[in-house]
Visitor: 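If you scroll down you'll find the structure; I have some questions about it.
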Amino acid sequence: MTDGPIDPAVLSELQETMGEDFASELVATFLDEGPTMLAELQEAIARGDADGFRRAAHSVKSNANVFGATALAELARRLELAGLSDNAQSDRAAATVLEAEFGRAAAALKGA
């Protein structure tokens, strides 16, 4: 585990296993689709859609784990397990924290 947003060992293993070109394509797809996943999370909060919220959090978690974005994956896991609360403002705040961590992970992946 690392203090940075990306665990370099996980990313290195992905590159070695899949090849650098394909790993780069996967990263690009994650960077493109990440904002959509985060928007789906926010939309689920607005609709009060507990299933949609969990699915969006699960998608972020699963994708983040592939690239070694451990902090992002852990935040998403917590949201997935907790589901929507009775307080939409609290849910939006948690989603905002997740979005900020996605930004950190995305910046690190762009520099990788």
Visitor: For a quick test of reading the model, state the closest non-hydrogen atom pair linking A73 to N65 and the distance between them.
Guide: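 Looks like CB-OD1, 3.2 Å.
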Visitor: With L41, which of T36, D91, V60, L79 fulfils side chain to side chain contact (heavy atoms under 4.5 Å, CB included)?
Guide: L79
Visitor: Just so I know, are the side chains of E43 and D49 near enough to count as touching, which here means a heavy-atom distance under 4.5 Å?
Guide: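 No - every pair of side-chain heavy atoms lies 4.5 Å or more apart.
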Visitor: Can you tell me if N87 has over 12 outside heavy atoms packed within less than 6.0 Å of its CG?
Guide: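 Check passes, neighbour count above 12.
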Visitor: Shortest non-hydrogen contact from I45 to A95?
Guide: CD1-CB, 3.9 Å
Visitor: Would you say E13 has more than 12 foreign heavy atoms packed within less than 6.0 Å of its CD?
Guide: no
Visitor: Shared ILVMFWY cluster between V10 and L31, side chains joined below 4.5 angstrom?
Guide: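 In one cluster: no.
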Visitor: What closest approach, in Å, do F67 and L26 show between heavy atoms, and which atom pair accounts for it?
Guide: CZ-O, 3.4 Å
Visitor: Quick check against the 3.5 Å criterion: does S12 have a side-chain atom that pairs as donor or acceptor with the backbone of P8?
Guide: no
Visitor: If you look at every heavy atom in R104 and P5, which pair is closest and at what distance?
Guide: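 Result for this residue pair: O-CG, 3.6 Å.
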Visitor: Working note: H58 + R55, criterion side chain to side chain contact (heavy atoms under 4.5 Å, CB included); need CA distance, chi angles, decisive distance, verdict.
Guide: CA-CA 5 Å; H58 176 81; R55 275 193 306 273; 5.6 Å; no
Visitor: Can you find a side-chain donor-acceptor pair between E25 and T29 that sits under 3.5 Å?
Guide: no
Visitor: Give a yes or no on whether I6 and M18 share a hydrophobic cluster (residues Ile, Leu, Val, Met, Phe, Trp, Tyr; joining criterion: side-chain heavy atoms under 4.5 Å apart).
Guide: yes
Visitor: Please round to the nearest 0.5 Å and tell me the distance separating atom OG of S59 and atom CD of E33.
Guide: 9.5 Å
Visitor: Would you name the heavy atoms of A44 and F53 that are closest together and state the gap between them?
Guide: CB-N, 3.4 Å
Visitor: Begin with the C-alpha distance, continue with both residues' side-chain angles, and end with the deciding distance and a verdict on side chain to side chain contact (heavy atoms under 4.5 Å, CB included) for T96 and Q42.
Guide: CA-CA 9 Å; T96 297; Q42 290 286 4; 4.2 Å; yes
Visitor: Where do N63 and L72 land on the side chain to side chain contact (heavy atoms under 4.5 Å, CB included) test, with the steps shown first?
Guide: CA-CA 10 Å; N63 281 276; L72 177 63; over 6 Å; no
Visitor: Nearest 0.5 angstrom please: S62 OG to M37 CE, how far?
Guide: 9.0 Å
Visitor: With clusters defined by side-chain heavy atoms of hydrophobic residues (ILVMFWY) lying less than 4.5 Å apart, directly or transitively, does L84 cluster with V97?
Guide: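 Yes, V97 connects to L84 through the hydrophobic network.
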Visitor: Would you mind checking if R77 and E74 are paired as a salt bridge, meaning a charged N to carboxylate O distance below 4.0 Å?
Guide: yes
Visitor: Is the shortest distance from a Lys or Arg side-chain nitrogen in E80 or K61 to a carboxylate oxygen in the other one below 4.0 Å?
Guide: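 Salt bridge: yes.
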Visitor: Search all heavy atoms of A105 against all heavy atoms of A69 and return the closest pair with its distance.
Guide: CB-CB, 4.0 Å
